Amino acid sequence: MNMTENYELEISHLSLQVKQLIKMYATVNECTEAEMLERIVLEWNAQQSKSERPPGDEDE
C-alpha cells in the first residue's frame, strides 16, 4: 500500500487537530507526513486484524 499518491485525498478527510498530530509525529520520527499517515494506517490495520474473531465464532 503506497499512500503517497493518494496523500492529498486521504489527508483532506482528516480534522485539523489530526493533521497537526500527524505533522508533529512526522517531525519527531524524521519522516514525511505521507509516510507517517501510511505508518498509522498500517498499524491500525494490523491491530484490527489481531482483534478480529475467527470465522465460525459469530454470535447467534
Side-chain angles (χ1 to χ4, degrees):
M1 172 182 193
N2 184 353
M3 292 180 56
T4 305
E5 297 105 25
N6 298 325
Y7 174 66
E8 291 300 322
L9 176 64
E10 298 295 327
I11 201 87
S12 67
H13 296 290
L14 302 175
S15 71
L16 180 59
Q17 293 85 0
V18 173
K19 290 177 190 179
Q20 290 171 336
L21 284 172
I22 290 171
K23 187 174 184 174
M24 288 177 5
Y25 281 121
T27 300
V28 168
N29 288 288
E30 298 178 346
C31 63
T32 67
E33 292 174 43
E35 291 168 334
M36 193 72 247
L37 182 58
E38 185 171 6
R39 288 182 191 182
I40 291 167
V41 170
L42 290 173
E43 182 62 29
W44 173 264
N45 288 338
Q47 292 296 321
Q48 294 303 306
S49 294
K50 290 178 186 175
S51 67
E52 288 180 2
R53 296 163 78 181
D57 221 12
E58 296 87 11
D59 292 331
E60 296 194 28

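Source: prediction; values computed, not measured.
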- request: Determine, step by step, whether Leu37 and Thr32 satisfy the side chain to side chain contact (heavy atoms under 4.5 Å, CB included) criterion, reporting the C-alpha distance in whole Å, the side-chain angles of both residues, the deciding distance to 0.1 Å, and the verdict.
  value: CA-CA 9 Å; Leu37 182 58; Thr32 67; over 6 Å; no
message: With rounding to the nearest 0.5 angstrom, report the CD1 to CG distance, Ile40 to Leu14.
response: 8.5 Å
query: Could you state the interatomic distance from CG (Leu21) to CE (Met36), rounded to the nearest 0.5 Å?
result: 10.5 Å
statement: Separation between CG (Asn29) and CZ (Arg39), nearest 0.5 Å, reads 5.0 Å
Value rounded to 0.5 Å, distance of CD in Glu33 from CD in Glu38: 14.0 Å
